[in-house]
Every structure is written in C-alpha cells, then in structure tokens.
Amino acid sequence: MTIPPLFPGFDGLMTLSRREGVDIRPTLLRMLTDLYVQTSVHTGDEERQFVELTSRLIDQVDDATRAVVRGRLSVYPGTPVTIIRKLGLQPTSPEQRVPLAARIPEQPPAPAPVRPPTEAQLRMSALSMQPSDAAEISAMFFSAAAGERALILHNLAEAPLKPAARITAARTARAIETLEMAAFAADIENFTLELGDALILPTRIAAQIVNDPGGEPLACAMKALDMPGAMFQRVLMFLNPEFGASVNNVYRLSRLYDRLSERSALIMLAAWRGATVAVTRAKYKPALYDDERQRARAAPAQTGPAVQPGADIATRNNARGSGS
C-alpha cells in the first residue's frame, strides 16, 4: 500500500510491522496520533488519510496503546467522527469544545497486570533494519519538520529496532576533540570528514547531517558519540556562526539534546548506514532479470579456413615430382 504524502516514510515501517517476531504497530499508532494533534486544522484529504491509517491500527494494537491514543484524541477538538465512534468516545455538541469520553462503568473489571518488557527482552526481540526500511526511516526523518523530528526520535526509543553498536571510548574521545577544534575554526569540511570517519558514514550522508538547516541530525550524531551537552552547545555556536547566532536555535537544540536518548540516536545511526547500503544496491541492480546476459557480447562465429593447413605444401611437392 502507498502511504499518502501526509505521513511520508511510513510504508517501510508498516512493512516492518508485518514481519514475524516484531510488532511496531503500537509505535506507529502513537506517532500518527502525535503528528495529527500537533495541527489544529486539517484538510479533508488529511483527515481521510488519518482515518484510513488509524482505523486499521486501532484494531491491531494492545489495550494500553489504545488507551493512550484514546486519551489524546478525547481532548483534541479535531478528532474525526469515525475515530470518535471507533474509540467509544461521545461525539461533541456545538456547545462543547472537545469530545467527551464515554461514561466509565461504576465497577469496571480490574485489568490484568501487564508487566512492561525489560530492556533485555526488547534487545532480544529487536530486528535489524533491512536497507530499504532504513532508507525509508532516514528519508522520513530528513523530510520532517522540527516538531515532527522530535516526535520521531521520542518514539524510536520504544521501537523494537536494533540500534547500531556504540563507538569505542578511545575513538569517541579522539573524535570529540577533533570535532570541537574544527567547530572552533568553523572548518565545516574537516568537521564533516571526521564525523563520517568516526560514525562509519559516507561523506554524502555526513555532509547532509552537518548541513541540515534544522540541526536535529547533528544532535543525533553527537549523541551517538556521547558528546557532553556543554560541548555540543559550543559546537552549535561556532561551527556555523550564522546558525549559532540565533539564541532560539541553540536553546531549542540544547533542550532536544538533553532529552534525546542514546538508543534513539544509535537507531538513527543504523538507519543512515542502512540507507547507504540501499543506495549502493539500487545503483548496481540490473533493471531486468536478463540484463547481465544481454550485456555479454556474442562471440563471432569462427569459420574454418578455405584451405586446410599443409595443403599448399603438398601441392608444391606434387608439382615438383611431376616436373622431374
């Protein structure tokens, strides 16, 4: 299924949710809900897309996730009527500003205690991203707005995806020192080269991270290297003086950096690496199944010589014999 433009990149995540041993549909539903309630007014197409995606996921997630989504949409004035009915909410009247939740029974049945999965269980059930899925996640993150990026990173911390391995302490210490010196000198070129080398990323991806106008990818990269928060603020102010001159930019990214988890940053790093593999495969993949066969040139047919080897010698010897 092709995901509508309102939620770009969710096609790859939906593919992950259908694979055996992993279920990120609760994460997808929360991300869709968070993105939808950020805007107070939606077009008809946006509402239709939200209803189409959310209606299926509501029936496929656990009760805890459904309760969280129900609580968020119960206080959102623009919740579609179809979703209101599906969640058991009461439709709003003209005098009401927000939809009301359905009446709670006087003696609701006690829910069975649900133990949240431990970190070890999450890591054991985590799934390595396929290159195509990694490319979808990377593209979705780079194309999202600042608020949407923060929500994506927040939800990645709970997604059962395998993060990239931590960079060794010795390598991160050397990289952090080099990156800080390059930032003080506003040497974006050397900063990009060192970042790509430390995170094992191609120069193209490293440059996209460094030159991103929002700064969220750079925050992920620095968190993956475990750079101290105070040092990250200095990098923001000196690497790009024009960007660092804005107090709002530095303050906004500093808050994001403090709340950003290492797991989210490493999952995003794994997505960037996987996206590189996807691009490489697409570059060298034949367009048709027999392209390689067609590229091979047919060897020209070898025709035998008109005169067999040695025939000329035999003819001359016969001629000499007859002359004598």
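These numbers were taken from a predicted model, which means no experiment stands behind them. Excluded from the calculations below are hydrogen atoms, water molecules and symmetry mates; all remaining heavy atoms, backbone and side chain alike, are included.
Taking all atoms of both residues into account, the shortest heavy-atom contact from Ile267 to Ala159 is CD1-O, 4.3 Å. Ala206 and Leu195 make their closest contact through O-CD2, 4.3 Å (heavy atoms, listed as atom of the first residue, atom of the second, distance). In terms of heavy-atom proximity, Ala134 sits nearest to Ala271 at CB-O, 3.4 Å. Across every non-hydrogen atom of Ala224 and Leu199, the tightest pair is CB-CD2, 4.3 Å. Summarising the geometry of Ala150 relative to Leu256, their closest heavy-atom pair is CB-CD1, 4.3 Å, with the distance given to 0.1 Å. Between Ile167 and Ala198, the closest heavy-atom pair is CD1-O, 3.7 Å.
Tyr257 is listed as a side-chain neighbour of Met227, based on a closest heavy-atom distance under 4.5 Å. Within the 4.5 Å cutoff, the side chain of Ile205 has no heavy atoms near those of the Arg273 side chain. Ser55 is listed as a side-chain neighbour of Lys86, based on a closest heavy-atom distance under 4.5 Å. At least one side-chain heavy atom of Leu153 sits under 4.5 Å from a side-chain heavy atom of Cys220. Counting heavy atoms from C-beta outward, Thr43 and Glu46 have side chains that approach closer than 4.5 Å.
The cationic atom of Arg149 (NZ for Lys, CZ for Arg) lies less than 6.0 Å from the six-membered ring centre of Phe141 and within 45° of the ring axis.
Side-chain atoms of Ser138 do not come within 3.5 Å of backbone N or O of Ala135 as any donor-acceptor pair. The backbone N or O of Gly44 sits nowhere less than 3.5 Å from a side-chain atom of Glu47 that would complete a donor-acceptor pair. Between the Ser143 side chain and the Met140 main chain, a donor and an acceptor come within less than 3.5 Å of each other. Glu177 contributes no side-chain N or O that, together with a main-chain N or O of Arg174, makes up a donor-acceptor pair within less than 3.5 Å. Checked by atom type and distance alone, the side chain of His42 pairs as donor or acceptor with a backbone atom of Tyr36 at under 3.5 Å.
Under the 4.5 Å side-chain heavy-atom criterion for ILVMFWY residues, a single connected hydrophobic cluster contains both Phe50 and Ile58. By the rule that hydrophobic residues join a cluster once side-chain heavy atoms approach within less than 4.5 Å of another member, Leu201 and Leu193 end up as members of separate clusters. Both Leu57 and Tyr76 are members of a single hydrophobic cluster when ILVMFWY side chains are connected at heavy-atom separations under 4.5 Å. No continuous path of ILVMFWY side-chain contacts below 4.5 Å connects Ile200 to Leu218, so the two sit in separate hydrophobic clusters.
For the atom pair Asn240 CG and Ser246 OG, the distance stands at 11.0 Å (nearest 0.5 Å). The CG atom of Leu179 sits 9.0 Å away from atom CG of Leu239, with the distance rounded to the nearest 0.5 Å. We find the CG-OG distance between Asn155 and Ser264 to be 8.5 Å, quoted to the nearest 0.5 Å. For the atom pair CG (Asp212) and CD1 (Ile209), the distance works out to 9.0 Å, reported to the nearest 0.5 Å. With rounding to the nearest 0.5 Å, the separation of CD in Glu194 from CG in Leu225 is 9.0 Å. Rounding to the nearest 0.5 angstrom, the gap separating the CG atom in Leu156 from the CE atom in Met31 is 6.0 Å.
Salt-bridge annotation for Arg171 and Asp197: present, with a side-chain N of the basic residue lying under 4.0 Å from a carboxylate O of the acidic one. Of the charged side-chain nitrogens involved, none lies within less than 4.0 Å of a carboxylate oxygen, so that Arg166 and Asp226 do not count as a salt-bridged pair. Checked for salt-bridge contact, Lys223 and Glu262 miss the test: no charged N lies under 4.0 Å from a carboxylate O. The pair Arg252-Glu216 counts as a salt bridge, with a side-chain nitrogen and a carboxylate oxygen less than 4.0 angstrom apart.
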Side chain to side chain contact (heavy atoms under 4.5 Å, CB included) evaluation trace for Ile137 with Leu161: CA-CA 11 Å; Ile137 295 176; Leu161 299 174; 4.1 Å; yes
Worked check of side chain to side chain contact (heavy atoms under 4.5 Å, CB included) between Ile188 and Val210: CA-CA 8 Å; Ile188 297 180; Val210 174; 3.9 Å; yes
Candidate pair Thr168 and Thr172, rule side chain to side chain contact (heavy atoms under 4.5 Å, CB included), full reasoning: CA-CA 6 Å; Thr168 60; Thr172 55; over 6 Å; no
Leu266/Arg263 under side chain to side chain contact (heavy atoms under 4.5 Å, CB included): CA gap, chis, key distance, verdict: CA-CA 5 Å; Leu266 291 177; Arg263 177 178 172 80; 5.9 Å; no
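Atom CD of Gln38 has more than 12 neighbouring heavy atoms from other residues, nucleotides or ligands inside a 6.0 Å radius. Within 6.0 Å of OH on Tyr251 lie no more than 12 heavy atoms contributed by other residues, nucleotides or ligands.
For the pairing with Thr33, the side-chain contact (heavy atoms from CB on, under 4.5 Å) check across Leu73, Thr79, Thr65, Ile83 returns one residue only, Leu73. Partner of Val68 under the side-chain contact (heavy atoms from CB on, under 4.5 Å) criterion, out of Arg70, Arg72, Arg66: Arg72 alone.
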